[in-house]
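Here's the structure we're looking at; comments come further down.
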Amino acid sequence: MLRFLTAGESHGQALLATLEGLPAGIPIDTAALMRDLRRRQLGYGRGRRMQIETDTAEILSGVRKGVTLGSPVAMLIRNRDWKNWQQTMHVEAELPAGATGARRAPVTRPRPGHADLAGALKYDREDMRDVLERASARETAARVAVGALARQFLAALDIHVASHVFTLGPVSIGSPLDISFEDIAAIDDDAPLHCVDAARQDAMIAAVDAARAVGDTLGGAFEVVVRGVPPGLGSYVQWDRKLDGRLAQAVMSIPAIKAVGIGKGVGVADVPGSQVHDEIVLPAEGAAPRLLGVSRPTNNAGGLEGGVTNGEDLRLSGYMKPISTLMRPLRSVDLQTMQESPAAIERSDVCAVPAAAVVAEAMIAFVLADALLERFGGDTLTDIRDHVARVHARVQQRFASTPARA
Ligand code: EPS
């Protein structure tokens with residue numbers, strides 16, 4: 001239904017994204033697109049590169065007079081750092097006249113944890129710059145641009161996405177499931193680690209400082225919560241239609257993500273069923289009207305049962321390993337000399353968990369937009385809205401006579 005491709009190297013000229021399958025008639029807010037790109041650049045622990053870049057997506061096609069046309073949307077994000085890298089990253093076989101920046105030595109000492117070694121073996125590259133340039137998480141800027149458009153489609157259907165960081169290195173607020181969508185959505189864009197708990201956030205900042213001081217890096221965990229997801233997205237009928245699987249793949253594809261949780265996530269494994277499954281009850285007297293005639297006192301399932309959305313908030317968590325470029329490098333082998341030698345040092349971040357959360361918002365928005373098109377498909381936003389309204393009217397009709405809880 002909806003698909004995208006990105007292109008671009010971290011220190012090449014630009015990143016590109018092509019998004020195909022968006023219906024016509026979606027209002028596009030370019031300021032909101034820029035805001036998402038900016039949010040990806042923020043977070044305490046990011047490196048100097050983020051001071052060089054001010055990521056800006058130029059929309060080259062697919063949008064006219066502020067609305068989508070139904071045609072592919074191409075976007076270009078220029079790397080401002082390119083001017084410092086032309087002598088290292090030039091496309092031409094010979095160094096072109098006037099190329100600027102430094103001519104950097106080949107990267108021959110793979111960083112444990114990065115794609116350097118595996119990529120060098122796979123593509124038979126001697127200078128591992130050929131690997132790390134594309135494996136770099138810089139590519140996620142293009143994903144965020146795509147996700148920003150998917151998210152504006154969702155917003156037009158009153159579906160909203162937010163995220164927060166709940167663990168950073170040794171500091172955690174514990175299970176994030178009790179934190180409401182409203183509290184998460186209210187976190188300031190400039191909150192240093194995008195955590196709902198100010199005291200914990202201070203401790204997280206201290207943990208980043210401590211890691212930086214010893215040349216180390218930190219990982220962490222974030223949660224993405226989506227409000228207003230219609231029930232019935234995804235399906236249980238075939239493995240590749242299960243929405244939990246599709247979402248997990250999308251989040252797992254973000255660099256450095258090593259685990260994905262849905263709802264209670266890994267916390268379901270060591271407690272009995274009575275503490276995992278969300279009971280189904282009648283709505284309380286005077287409760288706010290809901291689409292469904294039933295209510296769920298808990299949401300350990302994270303809005304997905306059987307690989308299908310159940311009308312509750314969607315809640316997904318992602319677990320990120322520490323950044324693999326260490327300023328006090330780990331042991332490695334120089335593949336040119338075959339001598340043990342400390343891993344290469346690239347300019348990098350100490351911690352990028354808040355940025356990964358923004359990328360996860362984008363990936364989840366994309367998968368949900370795709371699942372919505374599958375369920376309520378149409379070539380225009382109006383057609384899709386009509387279909388959603390018809391299905392919702394049917395559900396409401398079915399539960400019209402639901403009694404309140406005694
Ligand atoms: C970047 C992500 C990180 C940064 C990169 C920009 O990429 P990687 O996955 O390779 O660690 O290191 O910045 C640089 C490569 C640099 O020159 O500082 C991003 O999110 O834009």
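The chain is numbered in sequence order, starting from 1. Note that ligands are numbered from 1 as they come in the structure, with each ligand's atoms numbered from 1 the same way. As a basis for the values below, the full set of heavy atoms in this structure was taken, side chains included, without hydrogen atoms, waters or symmetry mates.
Within ligand 1, counting atoms from 1 as listed, the ones closer than 4.0 Å to a heavy atom of Ser10 are 15 (C). Residue His114 approaches ligand 1 through these ligand atoms, each under 4.0 Å from one of its heavy atoms: 8 (P), 9 (O), 10 (O). Within the listing of ligand 1, atoms 14 (C), 15 (C), 16 (C), 17 (O) sit less than 4.0 angstrom from a heavy atom of His11.
Other residues, nucleotides and ligands place more than 12 heavy atoms under 6.0 Å from the CG atom of Asp202.
The nearest heavy-atom contact from the protein to atom 9 (O) of ligand 1 is Ala137 N, 2.7 Å. Of the protein's heavy atoms, Arg347 O, 3.6 Å lies nearest to atom 12 (O) of ligand 1. In this structure, atom 20 (O) of ligand 1 lies nearest to the protein heavy atom Arg40 NH1, 2.6 Å. With respect to atom 11 (O) of ligand 1, the closest heavy atom belonging to the protein is Ser348 OG, 3.7 Å. Protein heavy atom nearest atom 2 (C) of ligand 1, with residue, atom name and distance: Arg138 N, 3.7 Å. When only non-hydrogen protein atoms are considered, atom 14 (C) of ligand 1 lies nearest to Arg49 NH1, 3.4 Å. Summary of contacts: the protein heavy atom closest to atom 4 (C) of ligand 1 is Asp349 OD2, 4.2 Å.
Residues Asn310 and Leu304 have side chains not in contact (no heavy-atom distance under 4.5 Å, counting atoms from C-beta outward). Inter-residue side-chain proximity for Leu149 and Ile28 is flagged as met; some heavy-atom pair is nearer than 4.5 Å.
Remark: of the listed residues Arg109, Arg111, Arg129, Arg129 is the sole one forming a salt bridge (Lys or Arg N to Asp or Glu O under 4.0 Å) with Glu346. Test Asp190, Asp189, Asp55 against Arg35 for salt bridge (Lys or Arg N to Asp or Glu O under 4.0 Å) and you get one pass: Asp189.
In this comparison of Glu9, Met50, Gln41, the heavy atom closest to atom 6 (C) of ligand 1 sits on Met50. Nearest-residue assignment for atom 7 (O) of ligand 1 (options Pro255, Ser136, Ser324; heavy-atom criterion): Ser136.
Note on ligand 1: Ala141 sits outside its first shell, no heavy atom being nearer than 4.0 Å.
Using bins of under 30°, 30° to 60° and over 60° for the plane-to-plane angle, the ring pair Phe4/Phe366 lands in the perpendicular bin.
The pair Arg227-Glu182 meets the salt-bridge criterion, since a charged nitrogen lies less than 4.0 angstrom from a carboxylate oxygen.
Under a cutoff of 6.0 Å and an axis angle of 45°, Arg315 and Phe166 do not form a cation-pi pair.
Contacts of Arg46 with ligand 1, taken as heavy-atom pairs under 4.0 Å, involve the side chain alone.
Judged by distance alone, the side chains of Ser317 and Glu223 never bring a donor and an acceptor atom under 3.5 Å apart.
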